[in-house]
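What follows is one structure encoded as structure tokens, with my remarks underneath.
Side chains included, hydrogens not; waters and symmetry mates left out as well; all remaining heavy atoms used. Everything quoted here is computed from the prediction, not taken from an experiment. Whatever order the structure lists ligands and atoms in, that order sets their numbers, starting from 1.
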Amino acid sequence: MIRDADAAMYLAKDRGRGRIEVFDSTMREAALQRLETGNGLHRALTAEQFRVHYQPIVRAKTGEIVSLEALVRWQHPERGLIAPGHFIDRADELGVTAPIGEFVLDTACAALRTWRDRDEGRRQLSVSVNISARQLRQAHFDRTVERMLVRHDLEPWRLCLEVTENVMLEHAEAVARSLHRLRRLGVRLSIDDFGAGYTSLSYLKRFPVDVLKIDRSFVTGICDQREDAAIVSAVIDLAHTFDTRTVAEGVEDAEQLAALVGMGCDYVQGFYFSEPLPSEEVAALLTTQRLRVTRPQVPRPVA
Ligand code: C2E
Ligand code: CA
Ligand code: CA
């Protein structure tokens, strides 16, 4: 009975806390899955089941790769490769996001060092790592970051930390302090999923950010929804007045890319260029230099 009540409680929490859910048997399956995920997560770290894939972030005008975003995956012995959406929240509840996050940071810094050295430092390549609220609230997170930079002999500007705007909202004071300390180290900071949460323009004034990542939900509609196009264009202009660069997320076709270039977006990322890839494949991609180049749309001559 307690187990079933627990399942109903999790659903209530999922649907937004402070509410009541009545148990029914379909919740049992979900509860079992959660339990299994939870047990597995504890083992996964020591069993080295986490993998890091990397998605290129490219300069919009030239298709040149400027950064790689590290995205964690769980190589589950029975369930195969699991996307972070299925375990990050659970990991957070269990308090294991910090060690997973540290593993991602370490792996990503090591990968960047290899790519940089192979490139003989010719390119201004950086790596972008997603940071959870819990990591940012750790008392000495800046020291963890500093340790990683030293361990992998990386210049601080080559590391960009991505933080979602909701993280900034929830623990504004502690987060602001942490971000300022990180900034003093010289690492770069970006606001992830910009526009998708409780966006407050005052972040731009209060927090020292280098990059705004425009949420995929606006990029998807950029060619056929006037409102989305207006939002994206306004965010790009606003960012530029703060001397902040913009990355458009989730670019899937040439039309979206052309629209973004027209609006002056600095960088783009999405399946149109590449899916997230294992580090060996990134190395191969880097030797080919460019992904896709936007060509100006030349009108066809009328016959
Ligand atoms: P995110 O940081 O917004 O990462 C972008 C997500 O969009 C990735 O999903 C990526 O595979 C997907 N994506 C990229 N381009 C396209 C596109 O053109 N179309 C579509 N439909 N999707 C695209 P993924 O890898 O499943 O990651 C989901 C989220 O999990 C991430 O969203 C991030 O918030 C979180 N996450 C991933 N790795 C980490 C990590 O190491 N630590 C933490 N704290 N969170 C992570
Ligand atoms: Ca991100
Ligand atoms: Ca994002």
Side-chain angles (χ1 to χ4, degrees), residues 41 44-45 49-58 67-75 80-109 111 126-138 141 144-145 148 159-168 170 175 188-197 199 209-223 232 235 246-257 260 267-279 281-282 291-292:
L41 275 171
L45 207 57
Q49 290 169 357
F50 290 110
R51 303 281 176 272
V52 183
H53 285 188
Y54 303 88
Q55 188 178 36
I57 299 176
V58 311
S67 189
L68 292 128
E69 178 174 1
L71 295 157
V72 69
R73 273 95 185 84
W74 179 8
Q75 184 66 60
L81 204 64
I82 307 179
H86 296 285
F87 63 87
I88 283 284
D89 286 350
R90 187 78 176 108
D92 215 33
E93 285 168 12
L94 294 169
V96 289
T97 32
I100 297 174
E102 196 163 323
F103 164 79
V104 175
L105 200 56
D106 193 24
T107 310
C109 286
S126 66
V127 72
S128 302
V129 180
N130 294 287
I131 301 300
S132 71
R134 243 175 226 268
Q135 278 177 287
L136 267 188
R137 293 203 316 270
Q138 282 181 317
F141 182 62
T144 306
V145 172
M148 294 295 172
L159 177 63
C160 181
L161 302 178
E162 299 194 359
V163 182
T164 62
E165 49 191 9
N166 295 347
V167 167
M168 300 186 169
E170 280 164 26
V175 166
R188 290 190 284 165
L189 301 172
S190 79
I191 302 186
D192 206 350
D193 306 342
F194 190 77
T199 304
V209 297
D210 302 274
V211 175
L212 278 191
K213 297 193 78 173
I214 304 170
D215 192 65
R216 173 159 62 89
S217 58
F218 304 109
V219 176
T220 303
I222 197 171
C223 295
V232 173
V235 169
T246 50
V247 177
E249 300 191 281
V251 177
E252 294 185 351
D253 59 48
E255 287 70 36
Q256 290 167 351
L257 173 62
L260 289 160
Y267 308 107
V268 283
Q269 176 180 10
F271 295 163
Y272 181 59
F273 300 95
S274 170
E275 292 187 7
L277 304 168
S279 62
E281 290 181 41
V282 172
L291 286 174
R292 284 174 197 257

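Nearest protein neighbour of atom 42 (N) of ligand 1, counting heavy atoms only, is Asn130 O, 3.5 Å. If you check which protein heavy atom lies closest to atom 19 (N) of ligand 1, you get Glu252 OE2, 2.5 Å. The closest protein non-hydrogen atom to atom 31 (C) of ligand 1 is Leu71 CD2, 4.2 Å. Looking from atom 23 (C) of ligand 1 to the surrounding protein, the closest heavy atom is Phe271 CZ, 3.3 Å. Taking atom 28 (C) of ligand 1 as the reference point, the nearest protein heavy-atom neighbour is Pro84 CG, 3.8 Å. Among all non-hydrogen protein atoms, the one lying nearest atom 3 (O) of ligand 1 is Asp193 OD1, 3.3 Å.
Residue-ligand proximity, Val104 to ligand 1, at heavy-atom distances under 4.0 Å covers atoms 41 (O). For ligand 1, the atoms sitting less than 4.0 Å from at least one non-hydrogen atom of Gly250 are 16 (C), 17 (C), 18 (O), numbered in the order shown with element in parentheses. Close approach of ligand 1 to Asp192 is summarised as follows: ligand atoms under 4.0 Å from at least one heavy atom of the residue are 2 (O), 3 (O).
Here the shortest heavy-atom distance to atom 40 (C) of ligand 1, taken over Leu105, Val72, Val167, Ile82, belongs to Val72. Between atom 15 (N) of ligand 1 and the options Gln55, Lys213, Glu102, the minimum heavy-atom separation is to Gln55.
Any N or O atom pair closer than 3.5 Å counts here, and Gln135 shares no such pair with ligand 1. The shortest N/O to N/O separation between Pro276 and ligand 1 does not fall below 3.5 Å. Remark: ligand 1 and Tyr272 share no N or O pair separated by less than 3.5 Å (distance only, no angle test).
Asn130 lies close to the Ca ion (ligand 2), since one of its N, O or S atoms is found at a distance under 3.0 Å. Because the distance cut-off is set at 3.0 Å, Asp192 qualifies as a neighbour of the Ca ion (ligand 2) through one of its N, O or S atoms. Put simply, Asp193 stays out of reach of the Ca ion (ligand 2), with no N, O or S atom under 3.0 Å from it.
Here Arg216 has side-chain heavy atoms under 4.0 Å from ligand 1, and that is the only part of it that gets that close. Of all the heavy atoms of Val251, the ones lying under 4.0 Å from any atom of ligand 1 belong exclusively to the backbone.
For the pair Glu275 and ligand 1, no heavy-atom separation below 4.0 Å is found. The closest approach between any non-hydrogen atom of Glu69 and ligand 1 is below 4.0 Å. Under a 4.0 Å heavy-atom criterion, Gly101 is not in contact with ligand 1. The shortest separation from a heavy atom of Glu249 to ligand 1 is under 4.0 Å, placing the residue in contact.
Taking the Ca ion (ligand 3) as reference, the nearest N/O/S atom within Glu249 carries the name OE2. Distances from the Ca ion (ligand 2) to each N, O or S atom of Glu162 single out OE1 as the nearest. Taking the Ca ion (ligand 2) as reference, Glu69 places its N/O/S atom OE2 nearest.
With a 4.5 Å cut-off on side-chain heavy atoms, Ile222 and Phe218 do not count as touching.
Here the CG-CD distance, from Asp193 to Glu249, works out to 5.5 Å after rounding to the nearest 0.5 Å.
Using a 30° and 60° split on the angle between ring planes, Trp74 and Phe50 fall in the tilted class, from 30° to 60°.
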